[in-house]
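Report on one structure; see the data block that follows.
In what follows, every chain begins at residue 1, and chains take the letters A, B, ... in the order their sequences are listed.
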There are 2 protein chains.
Amino acid sequence: MASPIPHPEREEIRVEAVLHALADPVRLRIVRELAAHEEGLSCGVLDLGITASTLTHHVRTLREAGVVRVRPRGTSRISTLRRADLDALYPGLLDGVLAARR
Amino acid sequence: MASPIPHPEREEIRVEAVLHALADPVRLRIVRELAAHEEGLSCGVLDLGITASTLTHHVRTLREAGVVRVRPRGTSRISTLRRADLDALYPGLLDGVLAARR
DNA sequence: ATCAAAGTTCGACGGATCTCGTACCATGGG
DNA sequence: CCCATGGTACGAGATCCGTCGAACTTTGAT
């Protein structure tokens with residue numbers, strides 16, 4: 001079986017990494033979509049105009065920064081926003097970013 | 001006479017640029033210092049462990065992103081946080097970032 | 001058992017970024 | 001006027017980052 005997908009603990013999340021993860025247009029778009037899908041979703045269904053390998057790279061960046069949690073379901077990976085962790089660490093940050101006009 | 005230092009209008013500020021500007025350790029440090037000095041300060045007085053030209057680069061990045069406002073005073077440049085603009089555009093973002101444990 | 005679908009891994013390429021040193025400019029004090 | 005101070009401009013080097021294609025893995029369906 002595959003080793004479980006690694007995620008930083010809440011205490012390990014660094015603000016620079018979160019900001020860097022959110023600073024990319026593609027990743028910000030992903031975060032916006034996840035914010036609108038509380039139940040999580042397979043990012044592959046999004047029409048992002050990038051290849052699968054690039055998508056893997058972006059989701060990994062978000063996961064390693066502590067922005068999203070990823071869990072396997074069948075052949076897919078379901079991503080969810082780590083809202084509770086981010087709100088606890090940086091109250092207002094996520095809402096502020098999501099409030100930005102598109 | 002020198003042309004006035006250019007700054008983006010509030011409407012021109014892009015969230016990706018703000019996040020990118022904040023994602024660098026040196027710049028985040030500068031922003032923290034400016035947050036603690038409402039009246040503004042000359043960033044050259046900070047002991048950041050970088051050269052003057054690198055500091056110019058970072059302050060320009062912050063200014064062009066719309067994070068700080070820079071105005072000349074004598075031979076110095078006084079930087080201030082654009083709190084009102086950022087709070088209006090992304091309510092909570094700045095406070096969330098500043099709330100991060102150091 | 002075979003196959004298709006969804007993701008991952010790896011290496012590569014090009015462009016952005018951070019850093020510096022050197023040379024330069026502007027302001028204000030003597 | 002001279003010059004010290006604070007900052008800028010420019011170019012260069014090293015590294016990082018976003019992107020891709022090709023090959024591979026894993027899971028579930030037939």
Side-chain angles (χ1 to χ4, degrees), chain A residues 1-7 14 16-34 37 39-80, chain B residues 1-7 14-31 33-34 37 39-80:
Chain A
M1 72 151 217
S3 60
I5 302 170
H7 292 78
R14 297 165 306 126
E16 290 94 341
V18 171
L19 292 168
H20 171 257
L22 296 177
D24 179 88
V26 173
R27 291 192 292 262
L28 188 52
R29 167 87 186 283
I30 293 172
V31 168
R32 284 193 207 283
E33 297 280 356
L34 293 180
H37 294 267
E39 71 282 7
L41 56 77
S42 167
C43 295
V45 308
L46 302 173
D47 185 16
L48 296 169
I50 57 175
T51 65
S53 58
T54 300
L55 177 59
T56 294
H57 160 69
H58 284 305
V59 173
R60 180 176 51 229
T61 299
L62 288 168
R63 171 177 54 81
E64 290 177 348
V67 176
V68 306
R69 197 174 292 280
V70 183
R71 64 199 175 85
R73 193 177 60 185
T75 70
S76 298
R77 305 300 185 97
I78 305 300
S79 298
T80 52
Chain B
M1 58 132 224
S3 60
I5 302 169
H7 292 79
R14 296 166 306 128
V15 67
E16 290 93 342
V18 171
L19 291 168
H20 172 256
L22 297 176
D24 179 89
V26 173
R27 291 192 292 261
L28 188 52
R29 168 89 186 282
I30 293 172
V31 168
E33 298 280 356
L34 293 180
H37 295 267
E39 71 282 7
L41 54 76
S42 168
C43 295
V45 307
L46 302 173
D47 185 16
L48 297 169
I50 57 176
T51 64
S53 57
T54 299
L55 177 59
T56 293
H57 159 70
H58 284 304
V59 173
R60 181 175 51 228
T61 299
L62 289 168
R63 172 177 53 80
E64 291 177 348
V67 176
V68 306
R69 196 174 293 280
V70 183
R71 65 202 176 85
R73 194 178 59 188
T75 71
S76 298
R77 304 301 183 100
I78 304 300
S79 299
T80 52

* To do: Starting at atom CG of A:L62, determine the distance to atom P of D:dC17, rounded to an integer number of angstrom.
  => 14 Å
* Asked: Reckon B:T51 has a side-chain N or O less than 4.0 Å from the OP1 or OP2 of C:dC20?
  -> yes
* **Distance in Å, A:I5 CD1 paired with A:E64 CD, rounded so as to fall on 0.5 Å steps** => 11.5 Å
* Structure fact -> When rounded to whole Å, the CD to P distance for the pair A:E64 and D:dG18 reads 12 Å
* Asked: With sugar-phosphate meaning primed atoms plus P, OP1 and OP2, does A:L55 contact a base, only sugar-phosphate, or nothing at under 4.0 Å between heavy atoms?
  -> nothing
* Asked: So what does A:S42 touch, heavy atoms closer than 4.0 Å: a base, only the sugar-phosphate, or nothing?
  -> sugar-phosphate
* What do the steps show when you test A:R63 against A:H7 for side chain to side chain contact (heavy atoms under 4.5 Å, CB included), and what is the final call? -> CA-CA 6 Å; A:R63 171 177 54 81; A:H7 292 78; 3.5 Å; yes
* Go through C:dA6, D:dC20, C:dG28 for me and flag the one nearest to the B:T75 side chain. => C:dG28
* Asked: Base, sugar-phosphate, or nothing for A:T54, non-hydrogen atoms under 4.0 angstrom?
  -> base
* **Gap between atom CZ of A:R73 and atom CD1 of A:I78 - 0.5 Å precision** => 4.0 Å
* Asked: In terms of side-chain heavy atoms, does B:T51 have a donor or acceptor partner in B:T54 at a distance below 3.5 Å?
  -> yes
* To do: Give one of base, sugar-phosphate or nothing for B:T56, where a contact means two heavy atoms less than 4.0 Å apart.
  => base
* Asked: Where along residues 17-25 of chain A does a heavy atom fall under 4.0 Å from DNA chain D?
  -> A:H20, A:D24
* Distance, rounded to the nearest Å, where A:I5 contributes CD1 and C:dT9 contributes P -> 10 Å
* Structure fact -> From the candidates D:dG6, C:dT8, D:dT8, the one with an atom nearest any side-chain atom of B:S76 is D:dG6
* Nearest-Å distance, CZ (A:R60) to P (D:dG18)? -> 11 Å
* To do: Could you check how far CD1 of B:I78 sits from P of D:dG6, rounded to whole Å?
  => 12 Å
* Asked: How close or far is atom P of D:dT27 from atom CZ of A:R77, stated in whole angstroms?
  -> 9 Å
* **Closest contact, heavy atoms only, B:V59 versus B:S79** => CG1-OG, 4.0 Å
* **Non-hydrogen side-chain atoms of B:R77 and B:R71 separated by less than 4.5 Å** => no
* Asked: Per the atom types in the model, does the base of C:dG21 pair as donor or acceptor with the side chain of B:S53 at under 3.5 Å?
  -> yes
* Is there side-chain contact between A:T80 and A:L34, with heavy atoms separated by less than 4.5 Å? -> no
* Asked: Rounding to a whole Å, what distance do you find between A:H57:NE2 and D:dC20:C1'?
  -> 12 Å
* Structure fact -> Nearest heavy-atom approach of A:A17 to A:A65 is O-CB, 3.6 Å
* Structure fact -> As a check of understanding: the bend across the helix from C:dA1-D:dT30 to C:dG30-D:dC1, end axes from five pairs, rounded to 10 degrees, works out to 20°
* Considering just the side-chain nitrogens and oxygens of B:R73, establish if one lies under 4.0 Å of OP1 or OP2 belonging to C:dG28. => no
* Asked: Taking atom SG of A:C43 and atom CG of A:L62, what is their separation to the nearest 0.5 Å?
  -> 8.0 Å
* Nearest whole angstrom, please: distance from the C1' of C:dG7 to the CZ of A:R63. => 12 Å
Pair up each side-chain donor or acceptor in residues 18-31 of chain B with any protein partner under 3.5 Å, not counting sequence neighbours, and list the distances.
residue : atom : partner : partner atom : Å
B:D24   : OD2  : B:V26   : N            : 2.8
B:D24   : OD2  : B:R27   : N            : 3.2
B:R27   : NE   : B:A21   : O            : 2.8
B:R27   : NH1  : B:H58   : ND1          : 3.1
B:R27   : NH2  : B:H20   : O            : 3.3
B:R29   : NE   : B:E33   : OE2          : 3.4

